[in-house]
Amino acid sequence: MRKQRSILNVLLLTLLVLTMSSFKVASYDSIKVAAPFPMPAIAIYNFPHQDFPITDYGAKLKGTDTDHNCIAANTEAFRKAMKACNEAGGGRVVVPKGEWPSGPIHFRSQCNLYLADGAKVIFSSDPQDYLPAVEVSWEGLECMNYSPLVYAYQCQDIAITGKGTLTPDMTTWKTWFSRPKAHMKALAQLYDWGSFDKPVAQRQMAVGENHLRPHLIHLNQCRNVLLDGFRIRQSPFWTIHIYRCNGGVARNLDVYAHGHNNDGIDLEMTKNFLVENCQFDQGDDAVVIKAGRNQDAWRIGCPTENIVVRNCHVRNGHVLLGCGSEISGGIRNVYMHDCTMEDLVKTLFYLKTNRRRGAFIDNIYMERVSANRMQRAFAIDTDVLYQWKDLVPTYKDSVTRISNIYMRDVKCHEADGVLQINGDSDLPVENVQIENVHVDTVRKYTIEKANVKRLKIKQVTWDAYLGPQKRERKG
């Protein structure tokens, strides 16, 4: 009996050793980020050293078959390579040098989409290639829409790296830039669905002439994200949308997209994220912090927090750093520093909301920024509704609390105005500190302000003032 027990113990020990040897513990690098608020370290996954080239799964270079056959083959090749990579425990899905027409690329966990130098993924402009619809957020409202061109849903430990390029064929998407009656009607329908908690799975928007354009990159409810080194050329809609994610880095990116709604990077209901050493050249805002729209965001209850943007260069864009207007989940702890703006923006640092949002914006910092031309260096506006103003009703009147906003050590070449604050009379903006801001030439006004408490302005200067004799207007 004792001998049998001894044999059994040896067998159990052998089984334990074999099990432990086959079990791989995930390995991460840790990035510590300095900020004027407690910023958790960001984990970056170390991918296993194994490659899954799309050519092993039937990918075809552009010109080797009809465009339709190449798109179909490459869409399937990406799907198979992602599946194989994930099932093998992770690694790189490799896109070799050359042009690769494709439909959407859908991620799996532990996969790094590696774009080799000289690789270019050219995404189809046929909307049918992006069906069936998937779960996304479109301008702050969750719905089922055409698949983003690059899509990850509830994945962890994912990356896009390399020096290659992601670019869409814009033939169809640019015809969808306008907002005709059918599109506006669809937006009103989606607004109502969000306002009255219609299940997201039943909010089907990829039908008829709704024409809700897909994102270029949409990462939805993911953990530990890395975007590093690649190029983007054009986008149907928002360019990089980081939605409800926890932990990640976007660095060394070269982003150019000058179509309608072509924000550079949108961080929405996301926390613990670093954006660094990127170049943005946009048809809309460059770096945007968002947090969902109205009842839909209140249902989810996920603020955007702990965001650092540093050492980035923006060539063109409507806004260098923007918060809103979709901010109903709340935004706090955002820090942009040591960035440059080369050409033209409408507003350098812009916080925007309206009486439907019912949220908070707190602890937002901009430091050590240099810029060229703009309409305004700093602005807060609590009445921004765009096309929604007359399109849909206000179902709930809810004011946004805005407090603890800081702008320091900023140099601008020329601006229409330095500072413009339009607070809400029911809940004034509170504690805004503007310090050491210099504008070479001010064309129209220096300060316009209404409904703000504890506004501290120190060393705001200019060399030339071309406006009317009265240099400050107070509301």
Side-chain angles (χ1 to χ4, degrees), residues 24 26-29 31 42-62 70-71 73-123 147-153 155-168 215-219 222-233 235 239-240 242 245 247-256 265 274-279:
K24 297 180 180 178
S27 172
Y28 298 88
D29 289 333
I31 299 177
I42 297 173
I44 299 297
Y45 182 62
N46 290 316
F47 293 89
H49 296 291
Q50 49 188 357
D51 288 347
F52 301 83
I54 59 172
T55 46
D56 288 356
Y57 301 91
K60 297 181 178 182
L61 277 167
K62 182 177 176 62
C70 285
I71 290 167
N74 294 342
T75 305
E76 183 65 8
F78 278 114
R79 187 192 69 79
K80 288 180 177 178
M82 285 284 180
K83 182 174 185 292
C85 182
N86 169 262
E87 291 177 350
R92 300 194 309 178
V93 172
V94 178
V95 183
K97 180 180 179 180
E99 296 187 343
W100 307 92
S102 184
I105 299 172
H106 286 196
F107 262 90
R108 293 202 180 199
S109 294
Q110 288 82 51
C111 290
N112 174 5
L113 177 64
Y114 177 75
L115 307 170
D117 194 4
K120 181 184 290 187
V121 181
I122 306 171
F123 293 98
S147 171
L149 282 54
V150 178
Y151 179 63
Y153 182 74
C155 294
Q156 68 178 38
D157 305 331
I158 60 173
I160 306 173
T161 64
K163 296 183 179 180
T165 303
L166 300 174
T167 185
H215 307 74
L216 183 74
I217 298 173
H218 179 75
L219 308 182
C222 297
R223 296 178 63 89
N224 305 330
V225 171
L226 174 63
L227 306 175
D228 189 358
F230 60 94
R231 302 196 314 163
I232 290 173
R233 291 296 179 265
S235 174
T239 310
I240 302 170
I242 310 297
C245 292
V249 176
R251 64 192 181 200
N252 308 316
L253 303 181
D254 180 351
V255 182
Y256 176 93
I265 184 166
L274 170 65
V275 181
E276 64 176 353
N277 303 320
C278 295
Q279 176 172 287

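Using a 4.5 Å cut-off on side-chain heavy atoms (C-beta onward), P168 and L216 make contact. The side-chain heavy atoms of L115 and T165, taken from C-beta on, include no pair separated by under 4.5 Å. Taking the side chain as every heavy atom from C-beta outward, L61 and C70 never approach each other to under 4.5 Å. Using a 4.5 Å cut-off on side-chain heavy atoms (C-beta onward), V121 and F78 make contact. Proximity of S102 to T75: side-chain heavy atoms (C-beta onward) are separated by under 4.5 Å at one or more points.
Here the CD1 atom belonging to I240 is positioned 5.0 Å from the CD1 atom belonging to I265, to the nearest 0.5 angstrom. Atom CZ of F47 is separated from atom CZ of R92 by 11.0 Å, given to the nearest 0.5 angstrom. The distance from the NE2 atom of H215 to the OG1 atom of T239 is 10.0 Å, given to the nearest 0.5 Å. Going from atom NZ of K83 over to atom SG of C85 covers 12.5 Å, rounded to the nearest 0.5 Å. Between the CG atom in L219 and the CD1 atom in I160 there is a gap of 6.5 Å [rounded to 0.5 Å]. A distance of 8.5 Å separates CG in L227 from SG in C278, rounded to the nearest 0.5 Å.
Looking only at distances, a side-chain donor or acceptor of N74 sits under 3.5 Å from a matching main-chain atom of P101. In this structure, Q50 contributes its side chain and G90 its backbone to a donor-acceptor pair below 3.5 Å. In this structure, the side chain of N86 engages the main chain of S109 through a donor-acceptor pair within 3.5 Å.
Between R233 and D254, the shortest heavy-atom contact is NH2-OD2, 3.1 Å. Nearest approach of D228 to L253, heavy atoms of both residues: N-CD2, 3.9 Å. Shortest non-hydrogen contact noted between I44 and V225 is CD1-O, 4.0 Å. Of all the heavy atoms in G103 and F123, the pair that sits closest is O-CD2, 3.4 Å. In this structure, F52 and A88 approach most closely via the heavy-atom pair CZ-CB, 3.6 Å. Between Y57 and A81, the shortest heavy-atom contact is CD1-CB, 3.7 Å.
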Practice task
Take K97 and K120 through the side chain to side chain contact (heavy atoms under 4.5 Å, CB included) test and state the conclusion after the steps.
Solution key: CA-CA 7 Å; K97 180 180 179 180; K120 181 184 290 187; over 6 Å; no
Practice task
Begin with the C-alpha distance, continue with both residues' side-chain angles, and end with the deciding distance and a verdict on side chain to side chain contact (heavy atoms under 4.5 Å, CB included) for L166 and I217.
Solution key: CA-CA 10 Å; L166 300 174; I217 298 173; 4.0 Å; yes
Practice task
Under the side chain to side chain contact (heavy atoms under 4.5 Å, CB included) rule, what do L113 and M82 come out as? Steps first, then yes or no, please.
Solution key: CA-CA 9 Å; L113 177 64; M82 285 284 180; 4.3 Å; yes
Problem - Step-by-step side chain to side chain contact (heavy atoms under 4.5 Å, CB included) determination, L226 to R251 - result: CA-CA 8 Å; L226 174 63; R251 64 192 181 200; 4.0 Å; yes
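Checking Y28 against D157 by side-chain atom types alone, a donor-acceptor pair falls below 3.5 Å.
Listed by chain and number, the residues in a ring-ring contact (aromatic ring centres under 6.0 Å, His included) with Y256 are H258 (sequence neighbours excluded).
Below 30°, between 30° and 60°, or above 60°: for Y151 and Y153 the angle between ring planes is below 30°, a parallel geometry.
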